[in-house]
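Please read the structure below before turning to the comments.
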2 protein chains.
Amino acid sequence: MLYRKELPACPVETTLTLISDRWKVLILNHLMAGTKRFGELKKEIGKVTQKVLTANLRDMEASGLLTRKVYAEVPPRVEYTLTDLGRSLKPVLDAMAAWGKHYQAENAKLPSAETASADDSQKAC
Amino acid sequence: MLYRKELPACPVETTLTLISDRWKVLILNHLMAGTKRFGELKKEIGKVTQKVLTANLRDMEASGLLTRKVYAEVPPRVEYTLTDLGRSLKPVLDAMAAWGKHYQAENAKLPSAETASADDSQKAC
DNA sequence: CAGGATCCAAAATGATACTG
DNA sequence: CAGTATCATTTTGGATCCTG
């Protein structure tokens with residue numbers, strides 16, 4: 001989808017070029033916990049299709065964010081692991097997680113709805 | 001594009017729901033510097049079309065990230081200002097900017113290309 | 001199990017023209 | 001100036017079927 005080099009001058013744009021994709025951020029988020037197999041990722045992320053997940057993983061591999069290891073077994077096994085560069089995005093994800101909680105809390109105040117109990121904002125991913 | 005309520009349980013996903021859009025992040029980034037007029041934003045961001053910019057601004061207004069103020073003048077003037085909630089995203093943008101610089105630096109090492117001089121990584125947006 | 005290959009539907013974006 | 005409206009196009013995503 002995108003090719004290396006040709007990075008925008010603005011650092012924020014550079015970051016966006018690599019992870020503006022919704023799925024990529026979620027993939028990063030899940031892989032922060034450690035190496036995962038393709039199937040695990042797919043199940044955890046849920047709504048994504050295999051085609052899209054594969055495409056995103058390939059992009060991220062090309063960007064140097066993660067590595068793909070294929071085991072010569074039957075049935076096949078493929079594991080994805082973040083590189084140091086990928087792990088270095090943790091502060092960004094942490095910031096997003098922190099803000100997300102904040103927003104959920106703010107949002108829970110206003111509505112007259114029965115949105116959820118307060119502790120739901122602590123749900124895992 | 002998206003409607004309030006119905007937020008994902010995962011905080012990271014919640015954040016993505018609001019700003020996964022490439023343009024939204026850039027808009028936030030520019031508005032962090034202060035109130036701007038529509039035309040200013042458009043010029044600064046550059047590649048975006050007026051239609052897309054308008055749509056994104058409306059979304060963000062609906063999400064409570066910014067306010068839109070119309071002056072009853074001729075020619076018309078419309079200013080966009082971040083709300084407290086919008087400004088609270090600064091840590092996220094800062095984290096992205098920091099990582100972007102890091103990636104630019106990493107990327108500048110490997111290539112055999114004449115990509116740019118080191119100080120270019122400090123360019124403004 | 002982990003995809004590659006296809007075909008198709010849906011959504012985002014671009015280009016223009018027009019207006020209060 | 002800051003949009004809205006419309007049309008054409010590009011991108012993206014979903015659904016399937018197939019295979020090492």
Side-chain angles (χ1 to χ4, degrees), chain A residues 1-3 6 8 13 16-31 34-63 65-82, chain B residues 1-4 6 8 13 16-28 30-31 34-63 65-82:
Chain A
M1 276 159 166
L2 63 81
Y3 309 87
E6 199 82 40
E13 280 203 63
L16 283 175
T17 301
L18 290 161
I19 60 162
S20 66
D21 232 313
R22 163 183 213 73
W23 301 123
K24 288 178 186 160
V25 181
L26 293 181
I27 291 168
L28 284 170
N29 199 34
H30 285 287
L31 286 184
T35 299
K36 299 254 167 110
R37 296 183 58 168
F38 181 85
E40 288 182 277
L41 275 175
K42 177 145 171 28
K43 197 187 318 176
E44 288 179 7
I45 297 181
K47 306 140 295 185
V48 71
T49 62
Q50 141 269 97
K51 171 182 159 184
V52 173
L53 180 55
T54 300
N56 277 290
L57 287 167
R58 291 290 147 73
D59 275 358
M60 294 171 73
E61 189 187 3
S63 305
L65 295 178
L66 52 77
T67 56
R68 177 170 179 270
K69 180 159 188 183
V70 183
Y71 292 86
E73 303 174 357
V74 176
R77 182 157 60 108
V78 181
E79 291 185 345
Y80 292 91
T81 309
L82 292 185
Chain B
M1 276 159 164
L2 63 80
Y3 310 85
R4 303 198 86 172
E6 199 81 39
E13 280 202 63
L16 284 175
T17 300
L18 290 161
I19 61 163
S20 67
D21 231 312
R22 164 183 212 73
W23 302 123
K24 288 180 185 159
V25 180
L26 293 180
I27 291 168
L28 284 170
H30 285 287
L31 286 184
T35 298
K36 301 251 165 111
R37 297 183 56 168
F38 181 86
E40 289 181 276
L41 275 175
K42 177 146 171 28
K43 198 187 317 173
E44 288 178 6
I45 296 181
K47 305 139 295 183
V48 71
T49 62
Q50 137 270 94
K51 170 181 159 183
V52 172
L53 181 56
T54 299
N56 277 290
L57 287 168
R58 292 290 148 76
D59 276 358
M60 294 170 73
E61 189 188 3
S63 304
L65 295 177
L66 52 77
T67 56
R68 176 170 180 270
K69 178 157 189 184
V70 183
Y71 292 85
E73 304 174 357
V74 176
R77 182 156 61 108
V78 180
E79 291 184 343
Y80 293 91
T81 309
L82 291 185

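FYI, side chains are in, hydrogens and waters are out, and symmetry mates aren't considered; it's all heavy atoms of this structure. Just so you know, these numbers come straight off a predicted model, no measurement behind them.
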**Fill in**
Ranking C:dG14, D:dG3, D:dC1 by distance to the side chain of B:P76, first place goes to D:dC1
**Request:** Return the value, rounded to whole Å, for the distance between atom CG of B:D59 and atom P of D:dG3.
**Result:** 14 Å
**Prompt:** Rounded to whole angstroms, how far apart are CG on B:L53 and P on C:dA12?
**Reply:** 16 Å
**Request:** Answer with yes or no whether A:K51 presents, from its side chain, a donor or acceptor under 3.5 Å of a partner atom in the base of C:dG4.
**Result:** no
**Asked** In this structure, which one of B:R37, B:R68, B:E40 forms a side-chain contact (heavy atoms from CB on, under 4.5 Å) with B:Y80?
**Response** B:R68
**Message:** At less than 4.0 Å, is any side-chain N or O atom of B:R58 found next to OP1 or OP2 of D:dT4? Yes or no.
**Reply:** yes
**Item:** Rounded interatomic separation in angstrom, taking CD from B:E73 and P from D:dG3
**Value:** 13 Å
**Message:** Does D:dG14 have OP1 or OP2 under 4.0 Å away from a side-chain N or O of A:T49?
**Reply:** yes
**Rounded distance (Å) that lies between atom P of D:dG3 and atom CG of B:L57** = 7 Å
**Prompt:** Does the base of C:dT13 carry an N or O that pairs as donor and acceptor with the side chain of B:Q50 under 3.5 Å?
**Reply:** no
**Asked** Starting at CG of A:D21 and ending at C1' of D:dT12, how long is that distance when rounded to a whole Å?
**Response** 9 Å
**Message:** Is the phosphate of C:dT13 approached by B:W23 (side-chain N or O, under 4.0 Å from OP1 or OP2)?
**Reply:** yes
**Message:** Rounded to whole Å, please give me the gap between CG in B:N56 and P in D:dG3.
**Reply:** 13 Å
**Prompt:** Whole-Å distance between C:dA15 C1' and B:K42 NZ?
**Reply:** 12 Å
**Prompt:** For C:dA2, does OP1 or OP2 lie under 4.0 Å from any side-chain N or O of A:R37?
**Reply:** yes
**Asked** Looking across every strand, which nucleic acid part, if any, lies under 4.0 Å from A:R68 by heavy atom: base, sugar-phosphate, or nothing?
**Response** sugar-phosphate
**Item:** Sugar-phosphate only, base, or nothing, as touched by B:Y80 at under 4.0 Å among non-hydrogen atoms
**Value:** sugar-phosphate
**Request:** To the nearest Å, give me how far apart CD1 (B:I27) and P (D:dA2) are.
**Result:** 14 Å
